[in-house]
Number of protein chains: 2
Amino acid sequence: MKSLFQDLTSLLVQNNIRPSYQRIKILEYLHGHHIHPTADDIFNALISEIPTLSKSTVYNTLDLFISNNLARLLSIEDTEARYDIVMNNHGHFKCVSCGEIFNFDIDIENTVIKELDGFSIKDKNVYFKGICAKCLQANTHE
Amino acid sequence: MKSLFQDLTSLLVQNNIRPSYQRIKILEYLHGHHIHPTADDIFNALISEIPTLSKSTVYNTLDLFISNNLARLLSIEDTEARYDIVMNNHGHFKCVSCGEIFNFDIDIENTVIKELDGFSIKDKNVYFKGICAKCLQANTHE
DNA sequence: TAGTAAATTTATAATAAGTACAATGTTATT
DNA sequence: AATAACATTGTACTTATTATAAATTTACTA
Ligand SMILES: [Mn+2]
Ligand SMILES: [Mn+2]
Ligand SMILES: [Zn+2]
Ligand SMILES: [Zn+2]
């Protein structure tokens with residue numbers, strides 16, 4: 001019986017990425033926290049367990065994961081980069097009140113855009129913004 | 001017969017925005033250049049005509065336009081904010097080779113997302129990335 | 001297994017977009 | 001004309017990300 005640590009190690013090796021401790025821990029964090037964290041979130045979550053961890057390593061590792069299609073970058077705001085390990089296509093809703101980013105299903109993969117005929121599409125993102133149900137309710141109780 | 005300058009002045013007045021020279025010129029630029037410019041693009045385009053122009057004014061004015069729904073912010077990259085005066089819903093494709101941002105029609109307005117039931121959606125963005133037809137052809141000639 | 005090369009991590013400095021703020025200039029109101 | 005409100009400007013500041021080089025770890029080889 002394999003541990004998660006071992007599974008993630010295999011995943012890295014399969015992608016020709018050396019399974020360093022830092023890389024496995026960052027990957028493990030992304031797998032365990034589908035909250036679309038920032039690089040800073042990841043750094044702060046791991047710094048107690050890896051006291052020597054550098055933010056450069058977090059950025060380098062995330063770039064590495066992205067270029068190997070193990071993670072994707074969300075640019076829902078131009079002020080902060082967020083990362084998502086869930087690679088199947090889905091949309092994102094950011095609540096401007098609480099900041100949480102929600103996932104939702106949307107079929108954009110099979111939509112044909114005739115204006116983009118002859119274009120090579122590598123990445124499709126659907127970003128919504130607004131106020132989530134929880135925050136809407138909280139406001140009515142004011 | 002009204003001039004464009006007069007039309008844009010009226011548009012600002014209708015939105016309770018004082019039609020200062022700077023504001024009209026920035027609005028005029030956005031109307032004349034549907035290239036999804038950065039704040040810096042706008043500043044550089046206008047600085048010769050308005051030598052005293054400040055980047056603060058460009059940022060302030062763009063924020064003002066956005067909060068009055070006269071323009072929208074595109075966060076297709078987390079590294080640069082881009083602005084669009086075309087307010088009807090449409091998608092954006094960014095060519096990672098030449099950097100151009102193309103518009104395309106997509107009907108996202110009437111799509112019901114059941115996971116977002118009870119959410120207040122204020123803004124919908126569809127961002128694609130890839131390589132445009134022109135750049136693809138240029139590459140084959142290498 | 002010692003030595004060397006390659007890869008990775010780390011710390012620090014540099015970059016640059018955007019924001020905050022106070023001073024200056026302009027417009028409207030009395 | 002005096003005053004208040006509004007808008008613009010320049011400067012300083014913040015902060016996420018990138019660049020760079022040194023230090024560390026790992027892989028490879030004699
Ligand atoms: Mn997601
Ligand atoms: Mn557009
Ligand atoms: Zn919320
Ligand atoms: Zn192109």
Side-chain angles (χ1 to χ4, degrees), chain A residues 8-9 12-13 15-29 36-68 70-83 94 96 99 101, chain B residues 8-9 12-13 15-29 36-68 70-83 94 96 99 101:
Chain A
L8 298 176
T9 302
L12 292 179
V13 171
N15 284 273
N16 296 313
I17 298 172
R18 267 205 213 160
S20 73
Y21 185 69
Q22 288 87 339
R23 286 170 177 171
I24 295 165
K25 280 295 169 184
I26 291 169
L27 188 61
E28 191 178 58
Y29 180 83
H36 313 101
T38 62
D40 214 53
D41 290 337
I42 298 168
F43 175 81
N44 289 320
L46 297 179
I47 188 63
S48 61
E49 196 174 358
I50 315 171
T52 61
L53 185 65
S54 161
K55 277 189 190 170
S56 300
T57 300
V58 177
Y59 280 108
N60 290 341
T61 302
L62 290 169
D63 289 348
L64 185 71
F65 288 174
I66 288 167
S67 56
N68 284 276
L70 295 181
R72 64 159 43 200
L73 173 65
L74 304 186
S75 297
I76 192 165
E77 304 274 8
D78 58 321
T79 50
E80 57 177 15
R82 288 173 167 271
Y83 300 88
K94 172 156 182 174
V96 296
I101 295 178
Chain B
L8 297 177
T9 303
L12 292 179
V13 171
N15 284 273
N16 296 313
I17 298 172
R18 266 204 212 164
S20 73
Y21 186 68
Q22 288 86 339
R23 285 170 178 173
I24 295 165
K25 281 294 170 184
I26 291 170
L27 188 59
E28 192 178 58
Y29 179 84
H36 314 99
T38 62
D40 214 53
D41 290 337
I42 298 168
F43 175 82
N44 289 319
L46 297 179
I47 188 64
S48 60
E49 198 173 356
I50 314 170
T52 61
L53 183 65
S54 162
K55 275 188 192 172
S56 300
T57 300
V58 177
Y59 280 110
N60 290 340
T61 302
L62 290 169
D63 288 348
L64 186 70
F65 289 173
I66 288 168
S67 56
N68 284 275
L70 295 180
R72 66 159 44 199
L73 173 66
L74 304 186
S75 299
I76 192 165
E77 302 275 8
D78 59 320
T79 50
E80 59 179 14
R82 289 173 167 270
Y83 300 88
K94 173 157 184 175
V96 296
I101 296 179

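Hydrogens, waters and symmetry mates play no part in the numbers below; they use all other heavy atoms, side chains included. For clarity, every value in this text was computed on a predicted model and none was experimentally measured.
As a whole-Å value, the separation of Asp40(B) CG from dT15(C) P is 17 Å. Taking atom CG on Asn68(B) and atom C1' on dA7(D), their separation rounds to 15 Å, with Å as the unit. Gln22(B) has its CD atom 11 Å from the P atom of dG10(D), to the nearest Å. Rounded to a whole Å, the CG atom of Asn16(A) is 14 Å from the P atom of dA27(D). Taking atom CG of Leu73(A) as the reference point, atom P of dT17(D) lies 9 Å away to the nearest angstrom. Residue Phe43(A) contributes atom CZ, which lies 16 Å from atom P of dT15(D) at whole-angstrom precision. Distance Arg23(B) CZ to dA7(D) C1': 6 Å, rounded to the nearest Å. A straight line from CD of Glu77(B) to P of dA16(C) spans 17 Å, rounded to a whole angstrom.
In this structure the side chain of Arg18(A) never reaches within 4.5 angstrom of the side chain of Ser20(A), judged on heavy atoms. Taking 4.5 Å as the limit, every side-chain heavy atom of Leu74(A) sits out of range of all side-chain heavy atoms of Lys94(A). Side-chain contact between Leu12(B) and Phe65(B) is present, with at least one heavy-atom pair separated by less than 4.5 Å. The side-chain heavy atoms of Thr57(B) and Ile50(B), taken from C-beta on, include no pair separated by under 4.5 Å. Residues Asp41(A) and Tyr83(A) have side chains not in contact (no heavy-atom distance under 4.5 Å, counting atoms from C-beta outward). Ile17(B) places a side-chain heavy atom less than 4.5 Å from the side chain of Leu70(B).
With rounding to the nearest 0.5 Å, the separation of CG in Leu64(B) from CZ in Arg23(B) is 5.0 Å.
Map Tyr21(B) and Thr38(A) each onto its nearest nucleotide of DNA chain D; the residue landing nearer the 5' end is Tyr21(B).
Of the side-chain N and O atoms in Arg18(B), none sit less than 4.0 angstrom from OP1 or OP2 of dT26(C). The phosphate of dA16(D) has neither OP1 nor OP2 within less than 4.0 Å of any side-chain N or O from Thr79(B).
A salt bridge is defined here as a Lys NZ or Arg NE, NH1 or NH2 lying under 4.0 Å from an Asp or Glu carboxylate O, and Lys55(A) with Asp40(A) meets this definition.
The shortest heavy-atom contact between Ile47(A) and Asn44(A) is CG2-O, 3.5 Å.
Across residues 52-67 of chain B, Thr52(B), Leu53(B), Ser54(B), Ser56(B), Thr57(B), Asn60(B) each have a non-hydrogen atom less than 4.0 Å from an atom of DNA chain D (numbered order).
In the set dT9(D), dT8(C), dG18(C), the nucleotide with an atom closest to the side chain of Ile50(B) is dT9(D).
Axis angle between the ends of the helix from dT1(C)-dA30(D) to dT30(C)-dA1(D), five pairs each and rounded to 10 degrees, works out to 10°.
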